[in-house]
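By convention in this document, chain letters (A, B, ...) are assigned in the order of the sequence lines, proteins followed by strands, and residues within each chain are numbered from 1.
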Amino acid sequence: MGGTVRPAPQRGWNAWFFCIYEGGNDMFDFSSEEGRTSYRHTSSHILAQAVKRLWPDTKLAIGPAIDDGFYYDFDRDETFNKEDLEKIEDMMSKIIRENLPVERFVLPRVEARKMMEQMNEPYKVELIDDLPEDAEISFYRQGEFTDLCAGPHLESTGEVKAYKLTMVAGAYWRGSEKNKMLRRIYGTSFPDKGLLKEHLNRIEEAKKRDHNKIGRELKYFTTAECIGQGLPIMLPKGTRVLQTLIRFVEDEEIKRGYQYTRTPFLAKSDLYKISGHWYHYRDGMFLMGDTSALERGDPDADDSEIYALRPMTCPFQYHAYLNESRSYRDLPIRYAETSTLFRNESSGEMHGLIRLRQFTISEGHLICTPEQLEPEFKGALDLATYILDSVGLLEDVTYRFSKWDINNKEKYVGTAEEWEAVQDQMRRILNDLGLNYKEADGEAAFYGPKLDIQTKNVWGKEDTLVTIQIDFQQGKLFGMEYTDSDGQKKYPYIIHRTSIGCYERTLALLLEKYAGALPLWMAPEQARILPISDKHADAAKVIAADLIGKGLRVEVDLREEKIGKKIRQAQIEKAPYMLVIGDKEVEDGTLSVRSRYEGDLGTMAIDAVAEMLLREISDKIIHHQTL
RNA sequence: GCCGAUGUGGCUCAGUGGUAGAGCAAUUCACUCGUAAUGAAUAGGUCGUGAGUUCGACUCUCACCAUCGGCUCCA
């Protein structure tokens, strides 16, 4: 650290520390990516050191820094329970108090391997064996603990000021379910206790917005054990929102030149054999009929009478195209469908309304010539952007360019040349759009690369909201020719796309974003009329009928309760507007208006109330709502 | 599917090897009420399901189902 002057210590995000990495030391603060990574990386080494001190037989796997903290994977027969975590935390505190200096050193491959063998760390040996020829093999040592690690790290264990182990989970070695399941301990760390506490509080607050909790409490949906996992019952409130969203999306798509289809929910295996689903996606499908031969793996079995519920709409809509001979003059054809899909997800994967076995997607396929590919792709993205902006989710999304995995060719249809060519083409389009995206290998669909619009739920877990995919395979597989201007038969490109994604998932994310208080235009109940006493019930019913006639979603609270109680309940149930009616209002033909955001707005004429609400709805005004 | 946690009336939660309570909600009665909870009474649970251990299980064991978190997978 030759001659670097150490500034005065700072606290919080500006806390600085030196980090040791390849090539020397440098100073970073916690607000920098490098600073945070070093901080959490050293935290994970302290965790591993503590575990090794407590249970020396435990084998080490990997322990990186992640977005909000760090984890370390261990191979150990017993699970880590609550008491174990407490013991580990105590030992970590001790290691921090020991203020052990961290030291980096490099070994030639043979010696590195020998050292890890001597330390009886088979996972580390495997990691070394898989490092590229020319890689520098570095280790970090703190006290008696040495770990194979690329770094960077803090200068000393004493730099870690505040940390917390948050949970234990199973995780496959190297992320493959074919490998042994290891035991992963997650934690997080910060330069002071205040920041840690703030972070933990933020997580607690976020969980209060969990759609799975709020959506059930507010009666959007429910589930029943005897129906099954991933099969929610949408209650009237949830259904009203879905209906609102579906109408909005369908109307917008029709404006943009889409034609709607209604295709079957199931088909014979023959169809899926052509599309490739039978070979690339069968595990994800619900099959019907005699599947016993299939299960035995009998290659000569007759599976022509096996039906399957559709996991995707594509091959069905292709048959709409195939209904007549097509010319280049017909293209582009834009098919859309509000499509129910069925996927046999593994039992551990279902989550609220976010991962389901039956769901509804704003499906669509754009069938076009090579020249039309770019404008159609851009049009699809523009539509999705418009829709997501309208519901308020656009500000939360990131873009992912999902490519195939060249090392896993058997998962995909088509040749390497075709994949590389179409991916290059897609990259050009994305760059041309100036989209800020990150590339992801191995995330493509089996038939082509995708642009995924990603968002995060309250647990911080990323999910795909919308996807736009280029397919250069299925046109050919299905014989979807068109006659070009030169009289030649050609195969079209197909863009698979959604505009709002899966309606149930979008609803889930909306509930979380707005903590259950949806913007007026989407709210299942837009106003609740609250009579002061039952003397005003009849007038309330007449007004409700009037407002409902004007297109508003209105309910009346006719219970014999005090107005304070009715208001409290309407607030809790997230009614956007409360319309109080008593003697005064009946006499004047007015309503006393209360907004759940702004409180009492005073008395207004009934028509003025309707007009105000209708304007807020047509403008799709979004209130940013806290809990 | 794998690892771990959880499962008590509609909801939130107490509880103990000797066949269960509270608050909210519901129902009834009284009050006819002016911007976040009126009072009283009543009713409601084979303690997720099924086996097993036990004289006896909601409580112990096992299996299954569902919910939650993570892994894998994915819209």
Peer 1: Between A/Ile581 and A/Gln358, who's closer to the 5' end of RNA chain B by nearest nucleotide?
Peer 2: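 With A/Ile581 and A/Gln358 compared, the 5'-side residue is A/Ile581.
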Peer 1: Please determine whether any donor N or O and acceptor N or O are separated by less than 3.5 Å between the side chain of A/Glu345 and the base of B/A75.
Peer 2: yes
Peer 1: Any ion pair linking A/Asp557 and A/Lys565 (charged N to carboxylate O, less than 4.0 Å)?
Peer 2: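 A salt bridge is absent here (no side-chain N lies under 4.0 Å from a carboxylate O).
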Peer 1: With hydrogens left out and only the distance checked, is there a donor-acceptor pair under 3.5 Å joining A/Tyr186's side chain and the base of B/G69?
Peer 2: no
Peer 1: So, under a plain 3.5 Å distance rule, would you say the side chain of A/Arg355 forms a donor-acceptor pair with the base of B/C74?
Peer 2: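 Present.
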Peer 1: Could you check whether A/His277 and A/Phe446 have their ring centres less than 6.0 Å apart?
Peer 2: yes
Peer 1: On the nucleotide B/A36, are OP1 or OP2 found under 4.0 Å from the side-chain N or O atoms that A/Gln569 carries?
Peer 2: no
Peer 1: Paired with B/U42 by Watson-Crick or G-U wobble geometry, both distances under 3.5 Å: which nucleotide is it?
Peer 2: B/A26
Peer 1: Are the charged groups of A/Lys180 and A/Asp75 less than 4.0 angstrom apart, N to O?
Peer 2: yes
Peer 1: Between the base of B/U72 and the side chain of A/Glu349, is one N or O donor paired with an acceptor at under 3.5 angstrom?
Peer 2: yes
Peer 1: Which residue, A/Leu356 or A/Gly228, contacts RNA chain B at a nucleotide closer to its 5' end, judged by nearest heavy atom?
Peer 2: A/Gly228
Peer 1: Classify the nucleic acid contact of A/Asp583 as base, sugar-phosphate or nothing, counting any heavy atom under 4.0 Å across all strands shown.
Peer 2: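 Base contact.
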Peer 1: Does the ring of A/Trp459 meet both stacking tests against the six-membered base ring of B/G69: centre distance under 5.5 Å and plane angle under 30°?
Peer 2: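 Taking the rule of under 5.5 Å and under 30°, the ring of A/Trp459 does not stack on B/G69.
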Peer 1: Across all strands shown, which nucleotide pairs with B/G56 by Watson-Crick or G-U wobble geometry, both distances under 3.5 Å?
Peer 2: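 Looking at the geometry, B/G56 pairs with no nucleotide.
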Peer 1: Could you tell me whether A/Arg76 sits above the aromatic face of A/Phe80, with NZ or CZ closer than 6.0 angstrom to the six-membered ring centre and within 45 degrees of the axis?
Peer 2: yes
Peer 1: Under 4.0 Å between a side-chain N/O of A/Lys450 and OP1 or OP2 of B/A75, yes or no?
Peer 2: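 True: A/Lys450 side-chain N/O within range (under 4.0 Å) of B/A75 OP1/OP2.
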Peer 1: For B/A25, take OP1 and OP2 only and decide whether either is under 4.0 Å from a side-chain N or O of A/Lys565.
Peer 2: yes
Peer 1: Does A/Ser347 place a side-chain N or O at less than 4.0 Å from the phosphate oxygens OP1/OP2 of B/G1?
Peer 2: yes
Peer 1: Test A/Glu512 against every option in A/His211, A/Lys208, A/Lys213 by the side chain to side chain donor-acceptor pair (under 3.5 Å) rule and name the one that passes.
Peer 2: A/His211
